[in-house]
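The chains referred to below are lettered A, B, ... by the order of the sequence lines, with proteins before strands, and numbering in each begins at 1.
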Amino acid sequence: MTDTAPALDRLRGDAPPRNHDARTIAALTANPGCARRGLMDAAGVDKDAVARHLGFPAPFGQSQFAITRGNGFEQQVKENGCAELLTLLRERAGLDVAEVAYDDLEVVAGGEGRELRHARTRALLGRALDGDAGTLFDHPLLKLDIAGQPAYLEPDVIAFQLAGRFHVVEIKSFAVIDGQAEPEQVAAAARQAAVYVLALRRLVAELGHDPARVSHEVFLVCPENFSNRPTATALDVRPQLATVERQLARLTRVDRLVEALPDGLTFALGEELPETVRAVEARYAPECMASCEMAIFCRDEARACGATGVLGRSVRDDLGGVDSVAAALELADGTREAPPELAELAGQLRTAARLRAEALQLAAAGGVA
Amino acid sequence: MTAADALAPGDAAEAVVAAVLADLGRGHRGVIVDSPPGAGKSTLVVRATAHLAAAGDRLMIVAQTNEQVDDLIERIAAKHPHLGVGRLSAATYAPSARVLAHPQVRVAQKADDLAEQPVVIATAAKWATLTDGSWTWAIVDEAYQMRSDMLLRIAGRFDKALFVGDPGQLDPFSTVEVERWAGLTWDPMRSAVSVLLAHNPDLPVHRLPVSWRLPASAAPVVARAFYPFTGFRSGTGPGDRRLELRAGGMGTAHDRALEEAAASGWALYELPARHTLRTDAEAVRATAALAVRLLQRGPVAHSEQGSAEVGADRIAIGAAHRDQVAAIRAALGEEGAGITVDTANRLQGREYDVTVVLHPLSGRRDATAFHLEAGRLCVLTSRHRHACVVVARAGIPELLDAHPSTEPVRLGVPVKFPDGWEANQAVLAHLAEHRVAAG
Amino acid sequence: MSVLTSLAQVQAAAAGVAQPVATVRHCHLAAAPLVMVPLKMAGEAAAPLAVMLGSDRAAPELLAVPQPRNRDLRFAFAAEFAKLVLEHVAANVGAAESLGEGKDGEERVRYTEAPQILLPNRGGVGFLRLLGRSTRFRRTEGPYAVEPAVPALGRWLTWYADRHDRPGSSLLLTMTETLRLHWATGQSSLEDGNLAALVGWIDPPDGLDGPAAARRAEDPVASPPAGPATDPTFDNEVLAPAIAAYDGAGRDPRAEERVRDALRGQLAPTWDLMWRSVDLLRTLPEGGSVARRWERDRDGFTWFHRSFAESLPQPRRDIAVRAARRLHDLERAQDAYEAQRAFDDPLVMIEHRLNGLAFGGVVVGGDPARLDESGKRPKLRPHLLVATGDPVRLDPGATVVNAARPGLKGRVLEVGADGVLVELTGGMGRGLVPAAGSVPQVGERVVFTSLTEGSFGPARFPEAEDTPWTHGGPPAEYVPTDEDAQEDWS
Amino acid sequence: MTLEADALEARIGELRAAVRRSMAAGDRATARRLRAELREAERSWDAAVLGGGPPARPGPQVREQALRALDVLGAPAAPRLVAAVHAALHGGDITGSRLANLRRDEERAFRSAPHARAHYVCAALTADLLAPARGLLTVGSWPLERRVVGRLSARTDFLTAAIRLAGHPRHGEPAVQRLLWRFAANIPGASGGALGTVDAAALAAAAQAELDVHLGADRRERAAAAARAARLGDAERLFGHRLRALRAASGGLPHDPSDGERR
């Protein structure tokens, strides 16, 4: 796979590769069919900067109330050697009272270099795997291959060892109310946790141990009901693990996309950026708004060429996959002669148009059919 | 593989049935039997009926549809002519000929009129209208298709129950928003068996190990794709089943597909890749034409049960949507009269010699959870005793590859295996080896 | 979603303005509905920030929490909010109309009025549901006691949110969903969640077309979002400093006014949009079956209002029996609602004509006075030949009814090239001669449909104490506890 | 509202819209400039309308308050806990953030005039590398075994603090009870009373019971590390041994190339 590495670097121009974190990797599963996004992610291009340069900045991030609430809750759960977390894990996971060892891997001897922190993470986890004690490993810095290039993974998670197996603990500030939480947020947390499980399993394998020692059961710690009291819920992330592994494998097959590109093409922030971006085919759908920084640019592009995708995937499906609004309209009012394979769709659209016109004209005449 | 695999298929199945009947006597409140497609579920129900009736217990049998009720009546009456059977029916139900053919079957609308019948059978909907009356034992057939709220309404009528069903089939669905109950162990939307096990985790669960329906060419494919953890094997060897096309073919694409299916048990009749409407006229025509052409080829099914003409009644066409079924019926015309055409939901529990299936993902531009549901494809590809011809447009692997997996996750809801994406991929990979490009 | 709505969206995209997908209004609109525009604090489950509410468009009330993380201020807000909501409920009970004796001998009553609440979007319903959940269990004495109106508010908000889930109910409507039921825009359902963009497409301000109005609506500075979520830049640059100043100035009223001003600026535009939307909906004539559904709503309101005093707050989660019964009710309501909308509105009936379960056209033949002598007594069985261009997919023998007069029933005899032959079997009066005008004449336009209203019968469910062992047996006796006392607030 | 305040308010409105637009456009530089102007305008509006006074600077007494609270706890503690103890015993609050940079001020003060103060608020040392432990405060005059923290120390110090607080003469006061309740909620067998009230003796006993489980291993690790720490120079013994110093001295580990700005 390394032969496309130089091509990917060229695509990125001079910008350093963007640091991946579980959120960006989990977001890969949002629109795998989009070549533009697949290429930019594989090359580690900063999509946010590209979108801003094109004049379509991604909608601004998070309210500071949410940020302070999130940090406040995480701090409270991890305070005093994770006192509240230990209580939860003792209740829910049957953690033994003697298991309280806590290792902070976020800062090593004042130095925050990633190489240093990753080395320490490897050392500590290696010792834990060989039977040494150690229960809570805060902020383990992990590595994961993205499109053939190693990327550091900034985790905001705790690895927790129980009976020789590691579990990922993910702390989130959305509330679990009477046992229910917002399904989209739980799904996002599950996908992120799956990325950590995967990275941990790769590290455990590198250290010569059985990757299955990293459990697919993760613990999601959230505030309970309307209070600050944390609650922990076990989450089986096997489906998400399979999806993330699939997407990462797809990224390594990005060479098909790279070959199809005119050589010399780069996403560097220059004048020819708009043409470069437009040269790579996108697959816009409204769902992109929630997961890709380029979404507003792609929507504008899709609107400009009257693509039915702008109206949503279900509309495009109803219109038998016809891609352009104009084409669908011409089929409906009969001004466009339908080629044989579109004959049936044309028939249905014409009937639909007739029925709508008939019902509207009848209503205008004040009657009910 | 487990010790059971060393046994011959018949003995392996018999061992499980014996274990189930033994468990009925051990005081469990419930016994569950998972039965993959064609694994002898109805035979088990008939034997359990006789076993429990012989022990003198009053027995009620719950099926999901009137047709399933009549099927069971016919089997029980044939096997045990002296066993009094009561059919509890809705007012609007006119007894079918095959029910009336058995003198020992009494049909009535009120339970009291069947008081002295040792066995009373009805649909779940009918049982739910009763407010009193109790039976010691109940046998719940197709228990995985029954929704939890239906089990809640009839569970008051029995003390102990044998639950038999196929876990690989379609999940219960509803037309309204059901988010409110997600995560509850008694969520009305879960299948009856999953709620039963959520509240009684230590009930014994047996698994019928052999599919007598699926030929040796199909059992491994269906088992690997839809029953990853609870595999099963075919009751027949590779040579035991043969589909003979007596009339010669004309080498058309349809003929080559039928010949491939007859030879290997599978065929993928692949139309050119294109995005289409659901009622894709070209695919509908091809599906109907293949079924009609099959009849014209004078098919004969040779199996361990001897040889028999494959008439129209032994052929079925399956599809995902009702409007596709309507379009295929229209395309069949006179020549195809008698061929069953139905959606996956209604084909559950039924068996044919040859099936022609319009792939749910054919012509789709974007797959939805509905299209990707593993249970739907499992039902469609596990109805046949001899051969299954799948009609689909090219482009499905690319569609699956581009499918975004961002389904929501609800706390407390158990993860369902297999994942629809993996199941579709497994079936596609196998079909690719039996591909016949449309003419 | 169907081909018809998709076509309407494509037509809207081409025309640059929303296209109708309904010819009548399918929901009840009260004379003076209680419009509410709530805002919640980011990052919290249900921390109210502000609400602008009222039933007079010229006199909205603004309630705000200058420091949302302060428990006392939050419950002072809840008390004020409760007062206004309970006042509106009391003012909209109307008279108690007697309906004679029920089967259990009690006199059945139905109020002639019911209070209707309008919210901008589904997010608002979710917020009211959570606010209801966080207030209905509060105790009025002991630690962290609250005013009696607060738990009452919680129970009413929970009840309204539950009613919103019932298909066809008009007691709590969200404006984005209600408008989308009547108009299709040239943008996706995601963008339709922005009320300003949606109204911009339906009734573009002069000088702008749909897309231009939507583009302006998506700029959060020019047109503030409809809530309950606030715009992050507003939070960071305007609200946070104002709240900090309020805290810093020791809760000085002028600092509080500054917070209120900032919030009023965010809410006022949506308030106007809500009333503009009400005006748009009033332009449509009310559907025929809306009154009947509003009667069901009034029955529900009457029962909850009259039993309010002696009943307990709604439990946190449904027990098995209540969940099953509620699912059945919702499915029955969905079934009836879909059929009623089709019979009320030709633009909805054409959905069924397109998928072959209904057909419409002109009567071109048949035998209007035909008698069927085959049975013991002759029966009136007129034949109608209806020429139609619709793709009919009904099998011979399928029962159909006339869309305009569902009382007129019939059977499909044959679907031929020149039309569909229908044998009428009922709804033509008593004798052997059809009542005048009951049988459609040649040349008349008719629509027949296989759709029937409510094929669902009532279902019987066990009592809670008879919950079977398969569903965990009878649930524990329900005692509402106020866990707030143990909570240390965020 | 004076004329001048109206003009200010209009100016504030414009600045707010401008800041929000530049933040939305991702142009952080302009946003920062405009925000400063906006704060200035808002501050003058507050002064004109509310007459708010200047915010308080971290006075010298923060140091004393921290030392007093640490004495009560008798174990390394995070700023939030130190602030909570001070608030429970003496009312008012020293925000956690002002405590965090207290440690930096103390180190600067020590380096400029070593040993000028009897007691310094300083860092805890991690047992393995003797580096400053993140987010922990200790008292310089404490024995090294107490200031060094091993893998179990976070838990043992939490339990020690619980026992010390439960034994404090004023443990019956409501504010202290509420603080004790948060300890009791996280120690098995300790939380029995209704909200806010704690049986101090039961809490101390439960804490001691769990402490005994960890104490042996914890003491061994801390003693070994303390012996190594004794050989450090004065400043490093108080404020932690940093690798960078080591790197500068012997050109140690290669500088990490991808050590870009952490996003």
**Message:** Within the 4.5 Å heavy-atom criterion, are Phe75(C) and Arg138(C) side-chain neighbours or not?
**Reply:**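 Yes, close enough: below the 4.5 Å cut-off.
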**Message:** Are the side chains of Gln314(C) and Arg136(C) in contact, using a 4.5 Å heavy-atom criterion?
**Reply:**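 Side-chain contact under 4.5 Å: yes.
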**Message:** Is it true that Arg353(C) and Thr449(C) share a donor-acceptor pair across their side chains at a distance under 3.5 Å?
**Reply:**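 No, Arg353(C) and Thr449(C) have no side-chain donor paired with an acceptor closer than 3.5 Å.
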**Request:** Using distance alone, with no hydrogens and no angle criterion, decide if Asp247(C) and Gln67(C) have a side-chain donor and acceptor under 3.5 Å apart.
**Result:**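 The answer is yes; a qualifying pair exists.
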**Item:** side chain to side chain contact (heavy atoms under 4.5 Å, CB included) partners for His53(A), two or more places apart
**Value:**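 Residues passing side chain to side chain contact (heavy atoms under 4.5 Å, CB included) with His53(A): Leu269(A), Leu273(A).
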**Prompt:** Among pairs that include at least one residue of residues 232-243 of chain C, which meet side-chain hydrogen bond (donor to acceptor under 3.5 Å, both in side chains), considering only residues two or more places apart or in two chains?
**Reply:**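 Residue pairs passing side-chain hydrogen bond (donor to acceptor under 3.5 Å, both in side chains), neighbours aside: Ser63(A)-Asp235(C), Thr230(C)-Asp235(C), Asp231(C)-Thr233(C), Thr233(C)-Arg20(D), Glu237(C)-Arg35(D).
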Please classify the contact of [X] with chain C as side chain, backbone, both or neither, using a heavy-atom distance under 4.5 Å.
| X | answer |
| --- | --- |
| Arg316(A) | neither |
| Leu349(A) | both |
| Ala352(A) | both |
| Ala353(A) | both |
| Leu355(A) | both |

Report which part of [X] has an atom under 4.5 Å of a heavy atom belonging to chain A: side chain, backbone, both, or neither.
| X | result |
| --- | --- |
| Ala47(C) | neither |
| Leu130(C) | both |
| Leu190(C) | side chain |
| Asp192(C) | neither |
| Pro68(C) | neither |

**Asked** Which one of Glu182(A), Glu287(A), Arg354(A), Met289(A) has the most heavy-atom pairs closer than 4.5 Å to chain C?
**Response**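 Going by pairs under 4.5 Å, I would pick Arg354(A).
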**Prompt:** Hey, which of Gln62(A), Gln64(A), Gln348(A) has the most heavy atom pairs under 4.5 Å with chain C?
**Reply:**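 Maximum pair count with chain C is reached by Gln64(A).
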**Item:** Selection from Ala42(C), Ala45(C), Pro285(C) maximising heavy-atom pairs under 4.5 Å formed with chain A
**Value:**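 It is Ala42(C).
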**Message:** Looking only at heavy atoms and a cut-off of under 4.5 Å, which of Ala13(C), Pro391(C), Ala8(C) has the most pairs with chain A?
**Reply:**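 The residue among Ala13(C), Pro391(C), Ala8(C) with the greatest pair count is Ala8(C).
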**Prompt:** If you measure from the Lys or Arg side-chain nitrogens to the Asp or Glu carboxylate oxygens, is any gap between Glu44(C) and Arg69(C) under 4.0 Å?
**Reply:**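 Salt bridge flag = yes for Arg69(C) with Glu44(C).
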**Message:** Tell me whether the NZ or CZ atom of Arg316(C) lies within the 45° cone about the ring axis of Phe137(C) and under 6.0 Å from its centre.
**Reply:**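 Relative to the ring axis of Phe137(C), which defines the angle, Arg316(C) lies inside both limits.
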**Request:** Measure the acute angle between the ring planes of His26(C) and His182(C), then classify it against the limits of 30° and 60° as parallel, tilted or perpendicular.
**Result:**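 Judged by the thresholds at 30° and 60°, the geometry between His26(C) and His182(C) is parallel.
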